[in-house]
Every structure is written in structure tokens, then in C-alpha cells.
Amino acid sequence: MSNNQHKQCQLCQREMESLTVHHLVPRQNTKRKKQDPGPTANICSACHRQIHVLFDNKLLALELNTLDKLKDEPQMQKFLVWVRK
């Protein structure tokens, strides 16, 4: 973004220059079936990368498909505490 405007990551709450779009239900689960891709979250690239390192798409689709569920997951909580420092 220009003019030094920042947006807040919906997971770690850090102010960032740019955010990525995370599909709460992975697109591979909806695209093949031609379904609505569903809700998304605007998150920083560090959080987005960590989500996909820690969890496979099946787990994300079935169990970690909301921001609250992601925030409450123990491995993600540990990462969020670390990344906020």
C-alpha cells in the first residue's frame, strides 16, 4: 500500500503494509466441486505461511475453518506469541 498505510493481521494483530487472503476452507476443497470458496481472512504472510506449514488442507477444511479455531489451536497460539515479539 502507498502512503505508509498499514492494515492489521486478523491472526497476530500486527500492523503490516500488506496482507494475504487466506481461504478458511482451502480452495482445493471447493474449487473442484465448483462450490463457493467461502469466507476468507486477511492475514500477514508470516501467519499464512505458518498455517500451511503446520496443517494440511484436510485438517484446515474440517477442523480449523474459522479464525477463532485457528487462534485457539495450541501450535498456532505458540507461533502467535512468538511472532508478536
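Keep in mind the model is a prediction, meaning the values are calculated, not measured. Reckoned from all heavy atoms, side chains included, excluding hydrogens, waters and symmetry mates.
Between the side chain of Q8 and the main chain of Q13, a donor-acceptor pair closer than 3.5 Å is present. In this structure, the side chain of R84 engages the main chain of C12 through a donor-acceptor pair within 3.5 Å.
The neighbour count for K78 NZ, taken as heavy atoms of other residues, nucleotides or ligands under 6.0 Å away, does not exceed 12.
Going from atom NE2 of H48 over to atom NE2 of H23 covers 8.5 Å, rounded to the nearest 0.5 Å. K69 NZ to E73 CD: the interatomic distance, rounded to the nearest 0.5 Å, is 12.5 Å. In this structure, CG in L67 is found 7.5 Å from NE2 in H22, a value given to the nearest 0.5 Å. Here OG1 of T40 is found 7.0 Å from CG of L24. Values are rounded to the nearest 0.5 Å. Here the NZ-CD distance, from K71 to Q10, works out to 7.5 Å after rounding to the nearest 0.5 Å.
Scanning both residues, F79 and A46, for their nearest heavy atoms gives CZ-O, 3.7 Å. In terms of heavy-atom proximity, C44 sits nearest to L19 at N-CD2, 3.7 Å.
There is no path of hydrophobic side-chain contacts, each under 4.5 Å, that joins L80 to M16.
Q75 places a side-chain heavy atom less than 4.5 Å from the side chain of F55. Contact of the V83 side chain with the L11 side chain is not registered, since no non-hydrogen atoms from C-beta on lie closer than 4.5 Å. Put simply, the side chain of L54 does not reach to within 4.5 Å of the side chain of L59, judged on heavy atoms. Inter-residue side-chain proximity for N42 and V21 is flagged as met; some heavy-atom pair is nearer than 4.5 Å. Inter-residue side-chain proximity for I51 and L64 is flagged as unmet; no heavy-atom pair is nearer than 4.5 Å.
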